[in-house]
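These figures come from a predicted structure and were not determined experimentally.
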Amino acid sequence: MEQFSEALQWFAQAKDTYINVYIGILRYLIPALSVLLLWRCFKPLLWFKREPEIWAWLYLNDGTKYAITHWENVIGRHKSSDVCIDFPTVSRNHAVLTRYDDGSWTITDANSKSGILVNGKPVSICALEAEDVITVGGIDMTLMPITARQEQLMSQLRTKAGNGFDTVANMLLLTLMQCLLCLAFMLGGKIEHFPYILMGFGGIAICQWLLLIFYALIRRSAFELETVAFFLSTLGMAVITTIAPTETVKQLIALGIGLLTFMLVGWSLRDLERAKKFRYLATAMGIGFLVITLLFGQEYHGAKNWLLIGGFTIQPSELSKLCFVYAGASTMDRLMNKRNLILFIGYSVVICGFLALMNDFGTALIFFVAFLVIAYLRSGSVGTIGLACTSLGFAGVIAIKIAPHALRRFAIWRHIWEDPYDLGFQQTRAIMCIASGGLFGLGAGRGRLKNVFAADSDLAFASLSEEWGLVMGVLAVFCIVAIAVFAIRTAVLARSSFYIIGACTAAGIMLTQAILNCLGTVDVLPLTGVTFPFLSNGGSSMICAWGLLAFIKAADTRQNASFAVRLTGNRKEERPDE
C-alpha cells in the first residue's frame, strides 16, 4: 500500500513536470508559429500589385484620351479630378461620370457654372450610350465603354489574390496553434472547464474552415484578412480562457453572429444600389440604438451604455459604429453637394451628443475620429478638419466640467503611481504584469492580472502580453496596423467612393480602438474602456469588428478576392462584343 502511494505521488510529480515542460515549450513555439503565419498573411496584403481597372475611354476632339479607372469619376479643372481638363470654361469640379453594376453610364452636373450638354441638349443628369457626345465647358468628348468581352479579359489578366495551397497551409498553421493552446489550457485547468475550453478553441477552428469552404464554393481565393481576424480571435479566446473560462461559449456565439454580420454587410455592398438603400436604414438605426440605450440602458461604472436582454448584456453603441460607417459612405455625385456634408455633420453631432449623455466618452472619441476620416474624404478640406478638432476641444472642456466620471479618468492620467490602490489600480497592475511576462510570457493560465477588473476586455492587451509575452502583444497590434495599411492601399483602386470611405473609416475605427486600448493600458493615454478589435471579451465588440472588416473586404478589387465583388462571368446581361 505504501509503495502504491509513492507511485501515485511520483506520477503526480512527473505529470506536473511534463505539463511545465509543455507549457514552457509553448511560450516559444506559439510566437514562432504566429510570426510565420502572419508573415504569410501580411506579405500579400501589404505588397500586392496594385492594378487599376479600366472601364471606359473618354476621347476629346483633339485626340486626347483618358482611361476611366473608377465607377465614379470627377471631370473638372482641379488637379485632383479623375479627368483633369485645364481649360478656363471648365469648372474645378464640373461633372461626375458614373458607371452602375449593370454596365450602364450616367453623367451628372456638379453645380458647374456652364452646365453640361449631351448630344447638344443641356442636362443635369443623363443616361449615356456609347459614342454620345458630352460637352463640358465647351469641350466635346465621347465616352467609349469597354465591351463585355474586354471586361472579362481584363478580369482574367489581373493578378490573382492568392491560391488555394497557401490558404490551406495558413489554415493548418492556425489550427495547429489552436490545438496547442487548447491542450495547454486543458492540462493546466480544472476538469469542469474542459468542455468550455474545447468548445471555445474548437468552435473557432470549425468557423474558419466553414468560411473557407464557402469561399471555395463561390470561387474566392483571398483569405488573408479573415485569417488575421481568426488569429486575433484565437488570442482573445486564450485571454478569456484564463480569466473567465465559462464565457468562452458566449464569445464563440458572438463570433458566429459576427460572421453572419460580415456576410450580410458584404452582401449589401455587393450591389451599390442596394448599399445605398441600406445606408438610409442604417442611418436611422444608428440613432435608434442610442435612443433605446438612453431610455432603457443600464449604468455600469459611470457609463449608461448597456442593455440587459434575457440575461445577456449588449452594447448598442458598438452596432451604431457600423451604422455610422454606412451613413458616412456616399457616392461621388452626392459628395459634390455640400448640403449632404452639412447633414452628415449634423448627424455626427447628434450621435456624439447621445454618447455624451450616456457618459460614454471613449466611444464618442472613436466616433469623432471616424467623423474626421469621413469629413476629409468627403470634402478634402483641411479647414473643416481643423474646425472639427477645435470644436472637440471645447466639447472636451465642457464634458470634464459636467461629467465627474470623465474628470476622474483624466485626473489620474499620468499620475497612476500616486494612487496605485484606487484610481490607478488597473493600470499599475497591468504595467507590472506586462513587465513580468517579458518577451515570451509566463505561460497558459499563469498570469496574475486575471484578478483585476476588466482584464479580458479593457486590459486585454496586458493580459495577452503577460501570459504569452510582449512579442505576442506587439504582433496583435501589427495585425490591426496591417489591416489599416491594406485598406488604404486598396482604397486607391476601389470602384466607388462608397467603398473608399467605408474601408478607410472602418480601418480608422479599428486602429483607433487598438491605440486607445494599448496606450490606455500603459498610461500613455487615458484609460477609456475601449475594446481591442477581435481580441477583447465582448459580444458586441466582436460583432462590430467583423462588420467593419466587411467594408474593408468590399474595397478589395484583386482578382476573385472579395465575395462583395461580382465575378465577371456571373453577369446575367452582357453587351454584345464590338
Side-chain angles (χ1 to χ4, degrees), residues 15-16 18-20 22-24 26-27 29-30 34 174-208 229-258 300 310-315 426 429-430 433-434 436-437 441-469 472-473 476 517 521 531-543 545:
K15 173 177 172 291
D16 291 339
Y18 288 129
I19 291 175
N20 290 334
Y22 175 73
I23 293 178
L26 282 190
R27 292 173 57 213
L29 182 58
I30 292 298
S34 299
L174 183 54
T175 305
L176 174 61
M177 271 187 57
Q178 291 159 347
C179 292
L180 293 173
L181 288 171
C182 182
L183 181 59
F185 281 108
M186 290 182 68
L187 290 175
K190 298 178 181 179
I191 295 178
E192 58 265 29
H193 292 157
F194 283 10
Y196 299 104
I197 297 172
L198 279 172
M199 283 189 285
F201 289 101
I204 295 178
I206 292 172
C207 287
Q208 66 197 27
F230 281 119
F231 170 79
L232 286 173
S233 300
T234 300
L235 297 184
M237 192 63 72
V239 171
I240 296 170
T241 302
T242 292
I243 298 166
T246 56
E247 293 190 12
T248 56
V249 177
K250 187 186 298 184
Q251 188 72 350
L252 179 62
I253 294 173
L255 187 145
I257 298 175
Y300 291 101
F312 292 91
T313 55
I314 63 172
Q315 195 171 359
Q426 283 180 289
R429 269 54 184 180
C433 288
I434 291 173
S436 67
L442 302 177
R446 299 187 175 186
R448 297 180 180 178
L449 193 62
K450 57 187 174 185
N451 299 316
V452 177
F453 172 74
D456 56 349
S457 54
D458 300 356
L459 307 178
F461 172 78
S463 298
L464 176 67
S465 299
E466 182 189 19
E467 291 203 349
W468 299 103
M472 292 300 294
N517 184 277
T521 297
T531 56
F532 194 113
F534 301 106
L535 181 67
S536 293
N537 185 9
S540 304
S541 176
M542 179 66 76
I543 295 170

> Hey, mind stepping through L235 and F534 against side-chain contact (heavy atoms from CB on, under 4.5 Å) and telling me if it holds?
Replying inline: CA-CA 9 Å; L235 297 184; F534 301 106; over 6 Å; no
Closest approach of [X] to [Y] (non-hydrogen atoms, all atoms of both residues):
X    : Y    : result
W468 : A444 : CZ2-CB, 3.6 Å
Q251 : G539 : OE1-N, 4.0 Å
L464 : A476 : CD2-CB, 4.0 Å

[X] side-chain N/O to [Y] backbone N/O, donor-acceptor pair under 3.5 Å:
X    : Y    : result
E467 : G447 : yes
K450 : S463 : no
E466 : G441 : no
D458 : N517 : no

> Under 4.5 Å between any side-chain heavy atoms of L232 and P533, yes or no?
Replying inline: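 They are not in side-chain contact.
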> Are L459 and F453 close enough that some pair of their side-chain heavy atoms sits under 4.5 Å apart?
Replying inline: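 No - every pair of side-chain heavy atoms lies 4.5 Å or more apart.
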Using side-chain hydrogen bond (donor to acceptor under 3.5 Å, both in side chains) as the criterion, list what pairs up with [X], not counting sequence neighbours.
X    : value
N537 : E247, D456
T248 : none
S536 : none
S541 : T531

When rounded to the nearest 0.5 angstrom, what distance separates [atom1] in [X] from [atom2] in [Y]?
X    : Y    : atom1 : atom2 : value
L26  : M177 : CG    : CE    : 10.0 Å
L449 : I434 : CG    : CD1   : 8.0 Å
I253 : M542 : CD1   : CE    : 12.5 Å
C433 : L442 : SG    : CG    : 8.0 Å
L29  : L176 : CG    : CG    : 7.0 Å

> Can you list every pair that meets side chain to side chain donor-acceptor pair (under 3.5 Å) and has a residue in residues 176-188, with sequence neighbours left out?
Replying inline: Q178-Q208, Q178-T234
List the atom pairs, with distances to 0.1 Å, where a side-chain N or O of residues 179-205 and a protein N or O form a donor-acceptor pair under 3.5 Å, not counting sequence neighbours.
none

